Amino acid sequence: MDLGTRVRQGDTRAVAKLITLVENDFQHAQKALKDLHQYCGKAIVIGITGPPGSGKSTITDRLTQHIRKIGKKVGIIAIDPSSPFTGGAILGDRIRMQDLATDQEVFIRSIGTRGHLGGLSRSTQAIVKIMDAMGKDIIFIETVGVGQSEIEVIKVSDIILLVTIPGMGDDIQALKAGIMEIGDIFVVNKADRDGADKLITEIEMMIHLNGEGKKNPPIIKTVGIENIGIAQLWKEIERLIVELEENGQIYQRRRNRVRKEIFDLFQENWKDMFFQLIGEANLEREVEKVLKQENDPYCAVEKLTEKFKKKIFQGGNNIV
Amino acid sequence: MNYQGKKRIEEVKKQWESNLLNKVLKKFSERKNTFVTGSNKEINRLYDPLDLESFDYVDDLGYPGEYPYTRGVQPTMYRGKLWTMRQYAGFGDAEESNKRYQYLLQNGQTGLSIAFDLPTQIGYDSTHPMAHGEVGKVGVAIDTLEDMEILFSGIPLDQVSTSMTINAPAAVLLAMYIAIAEKQGISKTELNGTIQNDILKEYVARGTYIFPPLPSMRLITDIFDYCSKELPKWNTISISGYHIREAGSTAIQEIAFTLANGIAYVSAATKKGLDIDIFAPRLSFFFNAHNDLFEEVAKFRAARRLWAKIMKERFRAKDPKSMMLRFHTQTAGCTLTAQQPDNNVVRVAIQALAAVLGGTQSLHTNSRDEALSLPSQKSVRIALRTQQIIAYESGVAETVDPMAGSYYLEKLTTEIEQGAMDYINQIDKLGGAPKAIEKGFIQKEIQNSAYKYQKDIENKERIIVGVNQFQSEEEPMKDLLKVNPEIEKRQAEKLNSIKKRRNEAEVQENLSLLKKIASSEQNVMPAILSCVRSYATLGEVCDQLREVFGEYKDSIKI
Amino acid sequence: MKNARIRVLVAKPGLDGHDRGAKVIARALRDAGMEVIYTGLRQTPEQIVETAIQEDVNVIGLSILSGAHMYLFPKIMELLAEKEATDILVIAGGIIPNEDIAELKKVGIKEIFTPGTDTNKIVKFIKENIEITKT
């Protein structure tokens, strides 16, 4: 039986293996992904982001436990940063989700960022598809809300929860740039702590400044660890999904995503083609020249582009 | 030091440096570029009075038995009474452990120290699914009062002091101890001993927690309150740095994190309205003893001085007993090597010596085979004999605080106190120990030290004899202790039998009363006592509390 | 496999709370370029095996100091066989007496590392004993 069929039957091992293939060797994973695509599109994808220590994993865990009670099947993608020096990573989000480990209707996968920008959102998107095709109703993507690559990744979602906690100090300022705009629901976690109301006021002010004319996103208080506010949070998510479906937002987001996906895949292919047709050595040679002031980068690119075009016209087709 | 004295030393030192030292250094370089203590503190070539310029004998040391207790908590120390030799023991079931206790008492041990198995420490009965494979392994299995009756049979509780390494369910085991005293006809006021009862270090270093921090702290203050009225001789907590050090901390971190936890307990109790000078004298501590002799001795002295200051200045304690840091010591399990295990006897001797020179009140010496398995009877005897040789042959017990006045030791003592104080200030800024633990700060600090230690060994910056140098081929060690695999079955049978014999209605009534009281603000001790008297199981009692308090989950990332 | 990483599950089965070794190993493996999944204390054999499968790890590293290894390790191997996942390399560490080591190797644990083991030795062992395979 081929991998795609096994995935659709919910074979955990097959799903896990295909995800590995996506991460390790995307080109080879594409065959199975092509087969699976027609079975995708049913799952709702929820992004959960926020600063380190805000309790994203706990919220993910508690939300999952909550919706398991109403029979929803859940997939979770937990993303942690890889070390830029060694490429290694400690993937520790699962530590808060291990009560779910033996639930056959929950599939959790931890992934490292592995250091290249386009690659991560490409794999994440593929993993979402695999989980969707295996029959998950809800897929959570959990990642730290700092840095460009994380924002890219979280945009794979249909709706986005932004988790914050009181007492972060200046961190809220750091969040503001880029990430405050993408939150559909704000979760103020650890809301039993001092400063929760102050944080809510701050968020309200910031939303107000940002979203002119846009509807203000709801703010939900939770204490994840004690399961407080989780049911309400889920209700809000459900309500919002209906709303976004009705006003065409979800469609629009998915449309943007597919467009981006096609373009990103094309870009990745193009990059691969560049290295296959032109080669690392040619690139290095140009680098040297520019460094020695024998050439400038603009002319170097023109030269490489010419070479590239020529190769393609020569029939460099069955590459990639 | 007066001005002229200082000048003279400086002059002589300068001459020594130019006439002798530098010439020697030119010809023969030293073994290493930098020398560090066991905890990576840089060590100078030598120490002299110039290092102790701001040192004040009366303020910094004073006399033993007096504030700040640097030299010890009693005026005569071991000239009056030797430390309590207390070997931590327990394995299998109550019958077997009772035999080991009898053996140790006959061999001159002066106090008991009970090791419980992990299901007991985590509040599970031996029949709980999570207990599979763990029953009787690292200590004795206790399910009901009946097991405790067997454990202490033939041991009159008014004649021994008993230390119990029990934390999350400490209230339950203490209640059982009280109940068997009642059966032996001994008054509660006569009971002498310690429960570890230190939950904060479980979250950072030892892992046998049950409930979340807040209700756990409430159980602890309930015990403080109950004991201050009913068990005046009982040590209600043993605030433990031992496991923090085992988890990989440095000496400074051991002191800092332990005292920070101590501050949290004292704050919780005073907030509850308890009088500091009533409960504080019953607080005790538990530290680790490592191989770096001077650093360890300095650590114990620094801890005493720092705690005295904290109690006096921060908490305004009045009773001198509230300011005295009394402590138990155990030699460092993590320094024992599986390679050439007989060498461990020597390590343990050095560590035990450090504890005695540091003025410990009681001491456990590890056995040479503990990196391989539970200790055999023979190894335990050597460990006990090690203490006896220090006590009776080495001469170090014949005068009080014999290392005091060493330039190196006093400098180290001050530095360790300062380093620990810096950490405590940092923890205060984070909102105190419980908050620092919740944020993972303390865990992270310990992990970083543990990782560095490992890397230092692998890079041979730190030499461990028999491990990364001086290795030799060796025969595998024989006669290791094996816990009888039948224990789990036997324990289950005992449990089922007592469940049939007990008055079920009474048990259920007591359990539901406990649940009610746990949900209120009342002290849980009397209700727990009723439960154990009626032979409710440890698991049943803890389950009531779990329902009210919830359970804590390990959630701190690496 | 241009972008492959060795994936390791570092797990603490049973009730033992001593996690110094497990955490040191986790960091050492990370520093050797591996992706390490750490799941915390008190894991059941079922949780460990299910996690290993979902995470598609190449290696499971188990650590026990409580003496419960003769029950928990074989149980984990049994479950792995049931799930047809015996291709995962299983190694272990902790306080394991010599005479138990032979028996544990018989049930499929590839290597047992006792206290004092150099982490580089573990990294080397993993690299030599796994094969990052395609599906």
Side-chain angles (χ1 to χ4, degrees), chain B residues 91 117-119 121-122 124 129-139 202 205-209 243 246-248 333-334 336-339 369-374 443 446-448 450-451 453-455 457-458 464 466-468 476-478 480-483 485 488 553-558, chain C residues 10-31 36-47 63-76 93-102 112-123:
Chain B
F91 59 92
D117 72 357
L118 285 168
Q121 293 188 48
I122 297 170
Y124 291 137
M130 283 298 283
H132 275 322
E134 309 271 16
V135 176
K137 285 283 158 58
V138 300
E202 296 294 332
R206 193 166 171 273
T208 68
Y209 40 71
H243 316 92
E246 285 293 294
C334 64
L336 300 179
T337 65
Q339 298 82 354
D369 45 5
E370 288 187 68
L372 300 162
S373 77
L374 283 173
Q443 295 90 317
I446 297 172
Q447 278 171 37
N448 288 342
Y451 196 53
Y453 187 82
Q454 177 69 23
K455 287 287 141 193
I457 292 171
E458 291 175 4
I464 310 290
V467 172
N468 63 357
M477 193 152 178
K478 295 213 177 69
L480 296 176
L481 182 94
K482 272 228 149 190
V483 174
E488 197 162 323
K553 296 256 182 238
D554 182 14
S555 68
I556 297 296
K557 291 199 199 178
I558 297 178
Chain C
V10 173
K12 288 280 310 169
L15 301 179
D16 172 32
H18 296 90
D19 54 6
R20 174 181 183 166
K23 286 175 167 169
V24 165
I25 297 295
R27 285 174 79 155
L29 298 183
R30 187 227 12 223
D31 289 351
V36 182
I37 293 115
Y38 180 68
T39 48
L41 300 178
R42 295 192 206 170
Q43 298 291 294
T44 63
E46 288 79 8
Q47 282 175 314
S63 157
I64 295 192
L65 287 82
S66 72
H69 50 271
M70 291 311 275
Y71 168 76
L72 289 164
F73 288 176
K75 178 84 190 161
I76 289 164
I95 299 188
I96 318 271
N98 232 306
E99 55 203 70
D100 292 346
I101 291 179
I112 313 257
F113 300 99
T114 49
T117 305
D118 191 315
T119 58
N120 294 306
K121 194 176 147 192
I122 299 172
V123 169

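Just so it is clear, the model here is predicted, and its values are computed rather than measured. Convention: sequence-line order gives letters A, B, ...; per-chain numbering from 1.
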Name the region of [X], side chain, backbone, both or neither, that has any atom closer than 4.5 Å to a heavy atom of chain B.
X	answer
C/Asp100	side chain
C/Thr117	backbone
C/Leu72	side chain
C/Ile64	neither

Please classify the contact between [X] and chain C as side chain, backbone, both or neither, with a heavy-atom cut-off of under 4.5 Å.
X	value
B/Gln454	side chain
B/Glu370	backbone
B/Val467	side chain
B/Pro485	neither

Please tell me if the side chains of [X] and [Y] come closer than 4.5 Å, counting only heavy atoms from C-beta onward.
X	Y	value
B/Tyr453	C/Arg20	yes
C/Arg42	B/Ile122	yes
B/Glu246	C/His18	no
B/Leu372	C/Asn98	no

Looking at C/Thr114, C/Ile96, C/Asn120, which has the largest count of heavy-atom pairs under 4.5 Å with chain B?
->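 Ranked by heavy-atom pairs under 4.5 Å with chain B, first place is C/Asn120.
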Using a cut-off of under 4.5 Å for heavy-atom pairs, which of C/Ala28, C/Gly21, C/Gly94 has the most such pairs with chain B?
->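 Max contact count across the listed options: C/Ala28.
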Approximate separation, where rounding is to 0.5 Å, of [X] [atom1] and [Y] [atom2]:
X	Y	atom1	atom2	result
C/Asp19	B/Ile556	CG	CD1	11.5 Å
B/Lys455	C/Thr119	NZ	OG1	3.5 Å
C/Lys121	B/Glu458	NZ	CD	11.5 Å

Whether the side chain of [X] engages the backbone of [Y] through a donor-acceptor N/O pair (distance < 3.5 Å, no angle test) should be reported.
X	Y	answer
C/Arg27	B/Ile558	no
B/Gln447	C/Lys23	no
B/Asp554	C/Leu41	yes

When only pairs under 4.5 Å are counted, which of [options] shares the most heavy-atom pairs with chain C?
options	result
B/Asn448, B/Thr337, B/Asp117	B/Asn448
B/Gly207, B/Cys334, B/Gly139, B/Ala131	B/Gly207
B/Lys137, B/Glu134, B/His243, B/Lys553	B/Glu134
B/Ser555, B/Ala247, B/Ala205	B/Ala247
B/Ala338, B/Gly248, B/Ser373	B/Gly248

Could you pull out the closest heavy-atom pair between B/Gly133 and C/Ala68, with the gap in Å?
->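 What the structure gives for the nearest pair is O-CB, 3.0 Å.
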